[in-house]
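Atom set for the values below is all heavy atoms of this structure, side chains included, hydrogens, waters and symmetry mates excluded. Remember, predicted model here, so these are calculated numbers, not experimental data.
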Amino acid sequence: LDGKTFWWDILSQADSGLDDAFRARALTDAHGLNGQVLELARAAGMRENEVPPHASGASSGQLADALEFSGITLAAHTSNHPNLVSLDDGELMNELAQPLEWLKQYGERALPMVSYPYGLADRRVMDASHDAGYHAGFMIEGGWTSPRPSNPFAIPRLNVPAGVSRAGFVLRAAGVIKS
């Protein structure tokens, strides 16, 4: 919230996107944490870009405006958007518990569900999500799901990559393109 920008937007280059090897280092060495990833990028001499307002996090006012619509609900995506798999048990529980506590102010508009940052979760993360009070967890890939998924803490999603064309979005939403 509040206009924060994210490392992948700051570091992506218009012509080449984000280097896969750097992304892997960002998620392991810097745990996917914004400040640590940007330090890693600066040490590597990477160029930072200005992020346009539409690619920044929503303001509290924009969130309030969205909640004027009855069909809008909220769920968690952690406090700092880390690679949960790379955290120790205490850090992991803190990242999961804080947003669930924050969501309580929204009553029934808040759902006890978490979308794992970067889609990264293992059994330990899924168990910690359950222990923190969540009822379900979402991956970032995996395609379509069923009304009753076999593991409510590993619900797949249909990933729509950044920069996809309108036609590409329509084809993914229709199930023609699976990735």
Side-chain angles (χ1 to χ4, degrees), residues 1 4 6-9 12 17-18 20-34 36-37 55 57-58 63 66-67 69-164 168-179:
L1 285 176
K4 290 181 183 173
F6 304 97
W7 62 266
W8 54 88
D9 291 322
S12 277
L18 187 62
D20 288 340
F22 179 79
R23 182 180 187 280
R25 284 192 61 213
L27 294 178
T28 54
D29 298 353
H31 308 287
L33 293 166
N34 220 48
Q36 291 182 30
V37 172
L63 177 60
L67 289 171
F69 296 92
S70 62
I72 301 291
T73 56
L74 303 174
H77 198 45
T78 71
S79 292
N80 297 298
H81 205 273
N83 170 2
L84 296 173
V85 174
S86 74
L87 302 180
D88 67 38
D89 290 346
E91 294 168 324
L92 173 60
M93 192 52 72
N94 189 48
E95 282 293 330
L96 293 167
Q98 281 183 355
L100 200 54
E101 184 64 32
W102 179 82
L103 284 168
K104 286 181 182 177
Q105 68 186 301
Y106 296 100
E108 291 181 7
R109 302 293 293 276
L111 305 176
M113 299 177 177
V114 62
S115 179
Y116 307 116
Y118 315 105
L120 299 174
D122 56 13
R123 174 55 46 202
R124 183 180 71 95
V125 169
M126 292 177 198
D127 289 346
S129 298
H130 175 270
D131 294 347
Y134 293 98
H135 296 180
F138 293 89
M139 308 306 281
I140 199 170
E141 294 178 339
W144 302 101
T145 189
S146 66
R148 296 193 188 277
S150 60
N151 181 351
F153 286 90
I155 298 173
R157 292 190 311 182
L158 181 65
N159 185 34
V160 178
V164 70
F169 176 79
V170 170
L171 290 170
R172 283 172 175 79
V176 175
I177 296 176
K178 303 292 184 189
S179 61

Is there a side chain to side chain contact (heavy atoms under 4.5 Å, CB included) between M113 and I155 once you walk through the steps?
CA-CA 10 Å; M113 299 177 177; I155 298 173; over 6 Å; no
Please evaluate residues L27 and L120 with respect to the criterion side chain to side chain contact (heavy atoms under 4.5 Å, CB included), reporting the C-alpha separation (whole Å), side-chain torsions for both, the decisive distance (0.1 Å), and the verdict.
CA-CA 10 Å; L27 294 178; L120 299 174; 4.0 Å; yes
For side chain to side chain contact (heavy atoms under 4.5 Å, CB included), just list the numbers for M139 and S115, CA-CA rounded to whole Å, side-chain angles, deciding distance to a tenth of an Å, and then say yes or no.
CA-CA 6 Å; M139 308 306 281; S115 179; over 6 Å; no
Could you go through the side chain to side chain contact (heavy atoms under 4.5 Å, CB included) check for L103 and R109 one step at a time?
CA-CA 9 Å; L103 284 168; R109 302 293 293 276; over 6 Å; no
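Open room surrounds CG on D20; 12 or fewer heavy atoms of other groups in view lie less than 6.0 Å from it.
Side chains of Y116 and H77: a donor-acceptor N/O pair is absent below 3.5 angstrom, by distance only.
Remark: F22 CZ to W7 CH2 distance equals 6.5 Å, nearest 0.5 Å. Distance check: T73 OG1 to L111 CG gives 4.0 Å after rounding to the nearest 0.5 Å. Here the CG-OH distance, from L100 to Y134, works out to 4.5 Å after rounding to the nearest 0.5 Å.
Below 30°, between 30° and 60°, or above 60°: for H130 and F153 the angle between ring planes is above 60°, a perpendicular geometry. Between H81 and F6, the angle of the ring planes lies from 30° to 60°, which puts this pair in the tilted group.
Annotation: side chain of N151 is in contact with side chain of M126 (closest heavy-atom distance under 4.5 Å).
Between A132 and L96 the shortest heavy-atom distance is CB-CB, 3.9 Å. Taking every heavy atom of both residues into account, D29 and Q36 meet most closely at O-OE1, 4.4 Å.
Among D89, N83, L84, the one residue that satisfies the side-chain contact (heavy atoms from CB on, under 4.5 Å) test with L87 is L84.
Checked against salt bridge (charged side-chain N to carboxylate O under 4.0 Å, His left out), R148 has no partners two or more places apart in sequence or in another chain.
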